[in-house]
Amino acid sequence: MQKKHHHKKKPGFFKKWSAKLHLWFGLGIGFLIFIISITGALYVFKDEIENITRKDVMYHNEQNIEQKQILPIRVMEKTVAEQVNEKYPVHWVNIPIDKKMSYMFFWYEHNTDAWNYFDEFPVYKQAYVNPYTGKVLRVYDEKNGFFNIVKMIHWSFLLKQDWGTYVVGIPVIIFVIMLITGIILWWPKNKAARKQRLGFKWKNIKSWKRKNYDLHNVLGFYASIFALIFSITGLFYAFFIVQAMIYVVFSGGETKYPDFSHIKTKAPIELRTETTLDKIINTVKEKYPDSYGFAIDLGHEHMDDHEHPNFEVYVKHLSYSYHKSSSLIFDENSGDLLHTRDPKDKNFGEKVVNANYDIHVGAILGLPTKIIAFIVSLICASLPVTGFMIWWGRRKKKPLKTA
């Protein structure tokens, strides 16, 4: 009596082509995804690490500040410029609401003719300053700092921003397709098989190939939803169409982003004085005493000088996140407040757009979401490695001997 052979059911057309795309794309862009993911993981805890390493200068430690006055901003700027002796003018200053914290002065220039990161930004420095004395506590070369280089590898592979973001963005689009095809390949046909694939069943399993396969599939499945979110929020910066789609979807079909460029300085320039910026600063402090801080552009000419429709100040309400912010428009000459837009005034589409960066880096809910972003980024970095090992193991498989 002949023994019946039960042939394994061949995968369907859809699953077969999902497998081919998953493999070809993985071999094609695996290394790039590893670089993007590992730099993303390294950047996640930037603020927490810098808050520790820079704690001695983040707070100026000036005594009896209740009896002292903060220096006028132009006086402070001049004092800082003399101490730092940088050939470029100060670009902007970050002003904290907490009186115990130092002011942060930034030098930032953008050379649009360069082709790589190091030439594109001739200077990117940050100085921590005691606002009561104007003393520079420390200067950091952010351009060559570890976290900024990591960020720019992640952002553009250290290429010029204008097209480097596409060099990163295109592999990320392919990675999104890989995530979708990966879920299709993972998805089992019945509940029993699904349960089997939700965890590691390594009891009595000695084969490294099987363990590697499980690592790729199980970790990939659990990370896939978060990886899709982080990928799409990353594509937001590379492709305008992604920005537009996110806004339209979450605003309920609005196609026009709120525009306040018509609100402009109307007062004569003769009203502008050395204290105009101080008037603006004091207005912001009085209006938002419970916020974290805000930035003021000091109004000098720069290499990449582009027209600003109005003088806008962004107020950051939370220390760990940017999504909760207000924007204020001032008359640049008189210092009068012309317009205010708080979080409560924004539609849901605006709120999602404003939250995009915080979602992407995991800062949206503070430390818990940062831990998720870190773990997911590491898993995404591991997927090209474990995927390549699966392919290599199958490639090296010995053919069965025929009788």
Side-chain angles (χ1 to χ4, degrees), residues 47 58-60 62 65-66 68-81 89-108 126-134 258-267 269 271-300 302 307-346 350-351 353-355 357-358 363:
D47 291 342
M58 286 178 66
Y59 294 87
H60 50 71
E62 184 72 20
I65 58 175
E66 295 80 10
K68 296 178 181 179
Q69 291 291 322
I70 287 174
L71 293 175
I73 198 66
R74 291 298 184 191
V75 173
M76 202 187 311
E77 178 196 354
K78 185 179 178 183
T79 306
V80 169
V90 181
H91 198 141
W92 77 87
V93 56
N94 281 4
I95 299 173
I97 296 298
D98 185 349
K99 293 181 178 181
K100 296 176 183 177
M101 295 186 74
S102 304
Y103 278 33
M104 289 160 280
F105 284 75
F106 289 86
W107 291 259
Y108 183 88
Q126 177 180 359
Y128 287 86
V129 176
N130 182 334
Y132 294 92
T133 64
D259 180 22
F260 304 100
S261 59
H262 62 281
I263 304 173
K264 298 179 180 179
T265 290
K266 293 182 179 177
I269 197 166
L271 289 181
R272 190 188 300 185
T273 68
E274 288 288 296
T275 62
T276 299
L277 282 182
D278 295 300
K279 180 181 177 180
I280 292 172
I281 290 168
N282 291 332
T283 299
V284 178
K285 286 182 176 180
E286 288 168 12
K287 193 170 176 60
Y288 300 102
D290 298 320
S291 65
Y292 181 71
F294 56 99
I296 290 283
D297 192 301
L298 293 173
H300 301 297
H302 300 282
E307 285 188 20
H308 296 275
N310 45 44
F311 191 83
E312 198 163 4
V313 175
Y314 290 94
V315 180
K316 185 181 178 187
H317 292 289
L318 303 171
S319 62
Y320 61 86
S321 180
Y322 291 90
H323 74 278
K324 191 177 179 184
S325 63
S326 297
S327 57
L328 294 82
I329 299 173
F330 287 89
D331 188 297
E332 208 168 351
N333 295 330
S334 69
D336 292 337
L337 177 60
L338 305 177
H339 178 80
T340 302
R341 193 162 180 82
D342 290 321
K344 63 180 175 60
D345 303 318
K346 299 174 184 178
E350 285 178 87
K351 290 178 180 178
V353 168
N354 291 342
Y357 174 81
D358 295 312

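- The side chain to side chain contact (heavy atoms under 4.5 Å, CB included) test applied to Tyr357 returns Tyr43, Tyr237, Tyr322, Val361, not counting sequence neighbours.
- Expressed to the nearest 0.5 Å, how far OG1 of Thr265 lies from CD1 of Ile329 amounts to 9.5 Å.
- At least one donor-acceptor pair closer than 3.5 Å links the side chain of Lys316 to the backbone N or O of Ser319.
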Passes side-chain hydrogen bond (donor to acceptor under 3.5 Å, both in side chains), Ser321 versus Asp358? Steps please. CA-CA 6 Å; Ser321 180; Asp358 295 312; 2.9 Å; yes

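- Residues Ser326 and Pro343 have side chains in contact (heavy-atom distance under 4.5 Å, counting atoms from C-beta outward).
- A donor-acceptor pair under 3.5 Å is absent between the side-chain atoms of Asp47 and the main chain of Tyr320, judged by distance alone.
- The CG atom of Leu328 sits 11.0 Å away from the CZ atom of Phe311 when rounded to the nearest 0.5 Å.
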Give the C-alpha distance, both sets of side-chain angles, the deciding distance and a yes or no for side-chain contact (heavy atoms from CB on, under 4.5 Å) between Asn130 and Tyr103. CA-CA 7 Å; Asn130 182 334; Tyr103 278 33; over 6 Å; no

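- The structure places NZ of Lys344 at 10.5 Å from NZ of Lys351, a figure rounded to the nearest 0.5 Å.
- Although no hydrogens or angles enter the test, the distance criterion places a donor-acceptor pair under 3.5 Å between the side chain of Asp331 and the main chain of Ala267.
- Ser291 meets the side chain to side chain contact (heavy atoms under 4.5 Å, CB included) test with Ile97, Tyr288, Val315, His317; sequence neighbours excluded.
- Between Pro258 and Arg341, the closest side-chain pair of non-hydrogen atoms falls below 4.5 Å.
- Between Met76 and Val129 the shortest side-chain heavy-atom distance falls below 4.5 Å.
- Contact of the Glu62 side chain with the Thr133 side chain is registered, since non-hydrogen atoms from C-beta on lie closer than 4.5 Å.
- Pairing each heavy atom of Glu312 with each of Ser327, the nearest pair is OE2-CB, 3.3 Å.
- Between Thr276 and Glu332, the shortest heavy-atom distance links the atoms CG2-O, 3.5 Å.
- In this structure, Tyr132 and Gln69 have side chains that are not in contact, with every pair of non-hydrogen atoms separated by 4.5 Å or more.
- Ring-centre distance between Trp92 and Phe105: not below the 6.0 Å cut-off.
- Atom NE2 of His308 is separated from atom CG of Asp297 by 5.5 Å, given to the nearest 0.5 angstrom.
- Among all heavy-atom pairs drawn from Glu350 and Asp345, the shortest one is OE2-O, 4.5 Å.
- Glu77 is linked by a salt bridge (charged side-chain N to carboxylate O under 4.0 Å, His left out) to Arg74, counting only residues two or more places apart in sequence or in another chain.
- Applying the salt bridge (charged side-chain N to carboxylate O under 4.0 Å, His left out) rule to pairs touching residues 91-103 yields nothing, sequence neighbours excluded.
- Ser325 contributes atom OG, which lies 5.0 Å from atom CG of Asn354 (distance to the nearest 0.5 angstrom).
- In terms of the ring-ring contact (aromatic ring centres under 6.0 Å, His included) criterion, residue partners of His91 (sequence neighbours excluded) are, by chain and number, His302.
- Heavy atoms only, all atoms of each residue included: Pro89 and Trp107 are closest at O-CD1, 3.5 Å.
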Test side-chain contact (heavy atoms from CB on, under 4.5 Å) applied to Asp342 and Thr340, step by step: CA-CA 6 Å; Asp342 290 321; Thr340 302; 3.8 Å; yes

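- Rounded to the nearest 0.5 angstrom, Ile263 CD1 and His339 NE2 are separated by 4.5 Å.
- In this structure, the side chains of Asn94 and Phe294 stay at 4.5 Å or more apart for every pair of heavy atoms.
- Between Pro131 and His60 the shortest heavy-atom distance is CD-CD2, 3.7 Å.
- Heavy-atom minimum distance, Ile95 versus Ile296: CD1-CG1, 4.0 Å.
- Looking at heavy atoms from C-beta onward, Phe330 lies in side-chain contact with Val313 at the 4.5 angstrom threshold.
- For the salt bridge (charged side-chain N to carboxylate O under 4.0 Å, His left out) condition, the pairs that include at least one residue of residues 273-291, sequence neighbours left out, are Lys279-Asp336.
- Annotation for Phe260: atom CZ counts as buried by contact number, over 12 foreign heavy atoms lying within 6.0 Å.
- Side-chain atoms of Ile73 and Leu298, non-hydrogen and from C-beta on, do get closer than 4.5 Å to each other.
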